[in-house]
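Order of the sequence lines fixes the chain letters, A, B, ..., with proteins taken first and strands second; residue numbering starts at 1 for each chain. Side chains are part of it too, since the values below use all heavy atoms of this structure and drop only hydrogens, waters and symmetry mates.
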Amino acid sequence: MKRALYGLLAALIALPLCVRVGLAQEDPPTPEERYEALEEEAQEIYDAWREAIREAQKAAEEAEEGAAVPAIPMRPDFSALVPKFQAAARDYAGTDDAIPFLVWLAGNAGKDVNAAALRTLLGDHAASEKLADVAWMMRDVIERFGAEEGTALLKKVEADSPVAAVRAWAAFARLADTLEKNEVGSEAYETAKRELDKVMEGVEDDYLLSEVGQVTVVREKFSLGMVAPDISGVDLDGTAFHLSDYKGQVVFVDFWGDW
Amino acid sequence: MKDQPFALIGVNSDDLERAKKAVADNKLNWRSFQNEPSGAKRAISADWYVSGWPTIVVLDAEMKIRYRGHDGHEASDIAKKLVAEMKASK
C-alpha cells in the first residue's frame, strides 16, 4: 500500500515535468553535442570492459590451479553504438561535421563498417583540413583496400588536400610498400624515395617522420654491418661522453626506460 | 662480463629524476646517455629511428652494427659470441 502511494506521488511530480519538457521547443543537438553524447556512451562501454578485465584477472588469480577461468574479451563491444555513429555520419554526409563520426567508425567499428568509414573519409573529405588530425589512418590503406583502390584513394588525397602533412601521409602510404620490398639502391627504391622526399619537404609531423625513417633511414644507415653513427651526449650525472669512447669493445646499446 | 672487452651503454628516455631513482633502486651499474637532455635539439632515439622500447643495438669493436631489435636474449647471445671471437683471435 505504502509503495503504491509513493508510486502515485512520483507520478504526480513527474507528470508536470514531462509536460514542460514536451512543450519546450528544444533545439536539436549540434553535431558537436551529438558526438560528445555518443563518445560518452562509448566511454561507459569502455569502462565496463576494463572493469570486466579486472574482475576476470582477479578470478584467475583466485582460481585453483588447473581450473577454467573466464575468457577476457579482446576489445570492448561497441556494436550497439555503431548504428548511432553511422546515422550521424549519414545525417551530416558530405560536410566536415561527418568527419568525427567517420573517424570513430574507422577506429572502432567492425571490419566492413570501419573500411567503409575510411573509404568515405578519404573519398568524400580529401579536401578537408580536418583530415590533418587523422592522416595517420591512411598508413594501411593499400593493405586494406588492395593496390588498385587504395592507390586511387590516396592519389585523390594527394591531389585534393590543402594540408602538406596530409599529402605527405598519403604519398607515404602509397609508396611504403615499394620502399619496403625493394633493395636500397635499386631503381624502384630510389625513384619512390625521390618522390617521397619531394612531398616530405618542410613537413614536421613527428609520427610521419618516424614512420618514413623506419622504411628508409633505418635500412640505409642502420642495417647489419654498417658503422653506427657516434653519439655525443651526457650521462645521468651530466658528464659529457661519446659512444665512440668505447670503440674497440663489443658495445651493447640499450634504449631503456623505467615505465 | 667484468674484465671482458664489453661495454653496456644505456640510452634512457625517462626524465632525469626518474632515471636516477631507477638506477639507485635497482643498483644498475651501467652508464646511460640521457635520451633528450634539456636543450637538446633532437633525441638520440629520434636520430637512431628507434620506434619501440626497449630497443637493443649490438656493435662490434669497429662499431659495426651486428644486431638491432627488441630481443634481449638474442642480443646477449650475439654480444657474447662477439666477445668470445675477440678473445680467441688475440
> Are there over 12 heavy-atom neighbours, none belonging to A/R50, within less than 6.0 Å of that residue's CZ?
no

> Between the main-chain N or O of A/V157 and the side-chain N or O of A/S161, is there a donor-acceptor pair closer than 3.5 Å?
no

> Less than 4.5 Å to any heavy atom of chain A: does that hold for the side chain of B/D47, its backbone, both, or neither?
backbone

> Could you please state which residues from residues 212-239 of chain A sit under 4.5 angstrom from chain B, measuring non-hydrogen atom to non-hydrogen atom, sorted by number, or 'none'?
A/G213, A/Q214, A/V217, A/V218, A/K221, A/F222, A/S223, A/L224, A/G225, A/M226, A/V227, A/A228, A/P229, A/D230, A/I231, A/S232, A/G233, A/V234, A/D235, A/L236, A/D237, A/G238, A/T239

> Taking atom types as modelled, find out whether A/W256 and B/S32 have a side-chain donor-acceptor pair closer than 3.5 angstrom.
yes

> Write down the atom of A/V166, the atom of A/A132, and the distance for their closest heavy-atom approach.
CG2-CA, 3.5 Å

> If you count every heavy atom of other residues, nucleotides or ligands that lies below 6.0 Å from A/R75 atom CZ, does the total exceed 12?
no

> Who pairs with A/W49 by ring-ring contact (aromatic ring centres under 6.0 Å, His included), at least two apart in sequence or on another chain?
A/Y46

> Please determine if A/E158 and A/K155 form a salt bridge, counting it only when a charged side-chain N lies under 4.0 Å from a carboxylate O.
no

> Walk me through it: do B/D25 and B/K21 pass the test salt bridge (Lys or Arg N to Asp or Glu O under 4.0 Å)?
CA-CA 6 Å; B/D25 287 355; B/K21 188 170 181 305; 2.8 Å; yes

> Side chain from CB out, backbone as N, CA, C, O: work out which of these in B/M86 comes under 4.5 Å of a heavy atom of chain A, or both, or neither.
side chain

> Tell me which of these, B/S51, B/G72, B/A40, has more heavy-atom pairs under 4.5 Å with chain A than the rest.
B/S51

> Hey, is CD on A/E51 packed in by over 12 heavy atoms from elsewhere, all under 6.0 Å?
yes

> Answer yes when A/K156 and A/D160 have at least one side-chain N-carboxylate O distance shorter than 4.0 Å, and no when they do not.
yes

> Please check if atom CD in A/E129 has more than 12 non-hydrogen atoms from other residues, nucleotides or ligands closer than 6.0 Å.
no

> Please classify the contact between B/N12 and chain A as side chain, backbone, both or neither, with a heavy-atom cut-off of under 4.5 Å.
both

> Kindly state whether the ring of B/W30 and the ring of A/F252 have centres lying under 6.0 angstrom apart.
no

> Do you see a donor-acceptor pair shorter than 3.5 Å between the side chains of B/R31 and A/Y246?
yes

> Which answer fits B/Q34, side chain, backbone, both or neither, if we ask what part of it has an atom under 4.5 Å from a heavy atom of chain A?
both

> Hey, does A/Q249 have a side-chain heavy atom less than 4.5 Å from the side chain of B/V83?
no

> For A/E143, is the CD atom crowded, meaning more than 12 foreign heavy atoms sit under 6.0 Å from it?
no

> So what's closer than 4.5 Å to chain B heavy atoms on A/L209: side chain, backbone, both or neither?
backbone

> For B/R66, is the CZ atom crowded, meaning more than 12 foreign heavy atoms sit under 6.0 Å from it?
no

> Who in residues 101-119 of chain A is close to chain B, using a strict under-4.5 Å heavy-atom cut-off?
none

> Non-hydrogen atoms of chain A under 4.5 Å away: do they reach the side chain of B/L16, the backbone, both or neither?
side chain

> Among residues 171-181 of chain A, which residues come closer than 4.5 Å to chain B, judged by heavy atom distances?
none

